[in-house]
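Every value quoted in this text rests on a predicted model; they were computed, and no experiment measured them.
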Amino acid sequence: SGKWHFQLAPYAWLAGQEGTVATLPGLSPADIDVNFWDDILGNINLAGMLVAEARRGRYGMFMDIVYTDIETEDPTPYGVLYSAVDSQTKSWMVSVAGLYRLAERQNRFLDVIGGVRYWSVDSELTLEGPQFPSLPERSISNKEGWVDPIVGLKGFVPIGESKFFVSGSFVIGGFGVGSDFMWDAMINFGYQWTKGFSTTIGYRYLDVDYEDDGFLYDVAQRGLTLGLSWRL
């Protein structure tokens with residue numbers, strides 16, 4: 001039809017982080033292994049996620065915004081000179097893409113996705129607890145930003161005649177344009193409380209590998225998602 005439809009969906013991503021980050025030239029990268037249930041509740045400083053979508057007929061567009069500020073402290077990988085390394089990563093991930101409805105039947109649909117994802121990663125490593133009085137703490141930070149092309153699919157399937165449904169998406173990107181490669185998969189189980197309001201619980205896995213001039217961000221994030229959705 002010629003009518004516009006809109007969707008707004010704030011959500012929480014209860015994700016841990018695992019991977020490698022490097023901002024100190026000449027020194028080995030620091031490993032990150034943060035389990036959400038054991039570690040991240042005490043290490044997350046701030047987080048916010050939001051999806052917005054607009055559609056008219058077969059065509060549409062959406063935006064997915066993710067911001068996280070996570071800080072961890074681990075034993076140092078840099079020998080006996082320092083006792084611990086503090087790692088803080090502030091990251092923005094903003095995806096903007098067009099949608100085209102490949103198929104739709106009895107409230108089931110499959111969309112193709114094509115667009116870009118902007119990354120901004122501000123990493124700071126601090127070497128703490130010097131073993132020798134002559135060695136002060138050392139801290140260095142680096143901020144990197146890049147843009148990845150992305151392509152993928154997203155779909156929605158109601159469960160029988162009930163108000164329960166399954167939705168999900170799968171996106172790949174980078175291809176050496178920004179990051180070497182990234183992929184992002186999400187599956188949700190939801191309930192349609194009213195025509196315009198639903199809730200979901202799901203799981204999301206995101207993996208990105210970016211390296212440029214000594215800066216390394218090879219990180220996987222995975223965990224449960226909890227969402228609310230309003231449709232107009």
K.L.:
Quick check: do Phe170 and Ile113 have side-chain heavy atoms less than 4.5 Å from each other?
P.N.:
no

K.L.:
Using side chain to side chain donor-acceptor pair (under 3.5 Å) as the criterion, list what pairs up with Ser229, not counting sequence neighbours.
P.N.:
Gln7

K.L.:
Could I get the full list of side-chain contact (heavy atoms from CB on, under 4.5 Å) partners for Ala52, not counting sequence neighbours?
P.N.:
Leu8

K.L.:
Assess whether side-chain contact (heavy atoms from CB on, under 4.5 Å) is satisfied between Lys143 and Ser120, documenting all intermediate values.
P.N.:
CA-CA 7 Å; Lys143 186 174 182 179; Ser120 176; 3.4 Å; yes

K.L.:
State, to 0.1 Å, how close Gly57 and Arg55 come at their nearest heavy-atom pair, and which atoms those are.
P.N.:
O-CG, 3.6 Å

K.L.:
Could you pull out all residues at least two apart from Val116 that satisfy side-chain contact (heavy atoms from CB on, under 4.5 Å)?
P.N.:
Val147

K.L.:
Decide yes or no for Trp13 and Leu206: does some side-chain heavy atom of the first lie under 4.5 Å from some side-chain heavy atom of the second?
P.N.:
yes

K.L.:
Please determine whether ring-ring contact (aromatic ring centres under 6.0 Å, His included) holds for the pair Tyr210 and Trp119, giving the CA-CA distance in whole Å, both sets of side-chain angles, and the decisive distance to 0.1 Å.
P.N.:
CA-CA 10 Å; Tyr210 175 83; Trp119 301 81; 8.9 Å; no

K.L.:
Do Leu226 and Leu50 sit in the same hydrophobic cluster, where Ile, Leu, Val, Met, Phe, Trp and Tyr count as joined when their side-chain heavy atoms come under 4.5 Å apart?
P.N.:
no

K.L.:
Any chain of hydrophobic side-chain contacts (each under 4.5 Å) joining Val121 to Val219?
P.N.:
yes

K.L.:
Quick one: side-chain contact (heavy atoms from CB on, under 4.5 Å) partners of Ile65, sequence neighbours excluded?
P.N.:
Met63, Trp92, Val94

K.L.:
List in chain and number order the residues that pass side chain to side chain donor-acceptor pair (under 3.5 Å) with Asp184, two or more places apart in sequence or in another chain; answer none if no residue qualifies.
P.N.:
Arg117, Arg204

K.L.:
Assigning hydrophobic clusters by single linkage (Ile, Leu, Val, Met, Phe, Trp, Tyr; side-chain heavy-atom cutoff under 4.5 Å), is Met186 placed with Val66?
P.N.:
no

K.L.:
Give me each pair satisfying salt bridge (charged side-chain N to carboxylate O under 4.0 Å, His left out) with a member in residues 157-180, each pair once, sequence neighbours excluded.
P.N.:
none

K.L.:
Using the test ring-ring contact (aromatic ring centres under 6.0 Å, His included), find all partners of Tyr11 that sit at least two apart in sequence or belong to another chain.
P.N.:
none

K.L.:
Do the non-hydrogen side-chain atoms of Phe189 and Ile159 ever get within less than 4.5 Å of each other?
P.N.:
yes

K.L.:
Are the side chains of Trp183 and Ile172 in contact, using a 4.5 Å heavy-atom criterion?
P.N.:
yes

K.L.:
Write down the atom of Pro158, the atom of Gln106, and the distance for their closest heavy-atom approach.
P.N.:
CG-O, 4.1 Å

K.L.:
Taking atom OG of Ser95 and atom CD1 of Ile150, what is their separation to the nearest 0.5 Å?
P.N.:
4.5 Å

K.L.:
Do the charged groups of Glu18 and Arg222 touch, with an N to O distance under 4.0 Å?
P.N.:
yes

K.L.:
Who are the side-chain contact (heavy atoms from CB on, under 4.5 Å) partners of Ala220, not counting sequence neighbours?
P.N.:
Tyr205, Asp207

K.L.:
List, one per line, each side-chain donor-acceptor pair under 3.5 Å for residues 96-105, sequence neighbours excluded.
P.N.:
unit_1, atom_1, unit_2, atom_2, d
Arg101, NE, Asp111, OD1, 2.8
Arg101, NH2, Asp111, OD2, 3.2

K.L.:
With the 4.5 Å side-chain cut-off for hydrophobic clustering, are Ile201 and Val166 part of the same group?
P.N.:
yes

K.L.:
What do you reckon, are the aromatic ring centroids of Phe164 and Tyr191 less than 6.0 Å apart?
P.N.:
yes

K.L.:
If you define the side chain from C-beta out and look only at heavy atoms, does anything of Asp212 sit under 4.5 Å from Glu144?
P.N.:
yes

K.L.:
Could you list the residues that satisfy salt bridge (Lys or Arg N to Asp or Glu O under 4.0 Å) with Asp148, not counting sequence neighbours?
P.N.:
none

K.L.:
CD1 of Ile187 to OG of Ser169: how many Å apart, nearest 0.5 Å?
P.N.:
8.5 Å

K.L.:
By side chain to side chain donor-acceptor pair (under 3.5 Å), which residues pair with Gln192, not counting sequence neighbours?
P.N.:
none

K.L.:
Does Val112 belong to the same Ile/Leu/Val/Met/Phe/Trp/Tyr cluster as Phe109, with side-chain heavy atoms less than 4.5 Å apart forming each link?
P.N.:
no

K.L.:
With no hydrogens and no angle check, just 3.5 Å: does a side-chain donor-acceptor pair link Asn188 and Thr225?
P.N.:
yes

K.L.:
Side chains of Met49 and Met93: does their closest heavy-atom pair fall under 4.5 Å?
P.N.:
no

K.L.:
CZ of Arg56 to NZ of Lys3: how many Å apart, nearest 0.5 Å?
P.N.:
12.0 Å

K.L.:
What pair of heavy atoms forms the shortest contact from Asn107 to Phe156, and how long is it?
P.N.:
O-CD2, 3.3 Å

K.L.:
Does any non-hydrogen side-chain atom of Ser179 lie less than 4.5 Å from one of Asp209?
P.N.:
no

K.L.:
What residues, two or more places apart in sequence or in another chain, satisfy side chain to side chain donor-acceptor pair (under 3.5 Å) together with Thr199?
P.N.:
Trp193

K.L.:
Assign the ring pair Trp230 / Phe197 to parallel, tilted or perpendicular, where the plane angle (0 to 90°) is split at 30° and 60°.
P.N.:
tilted

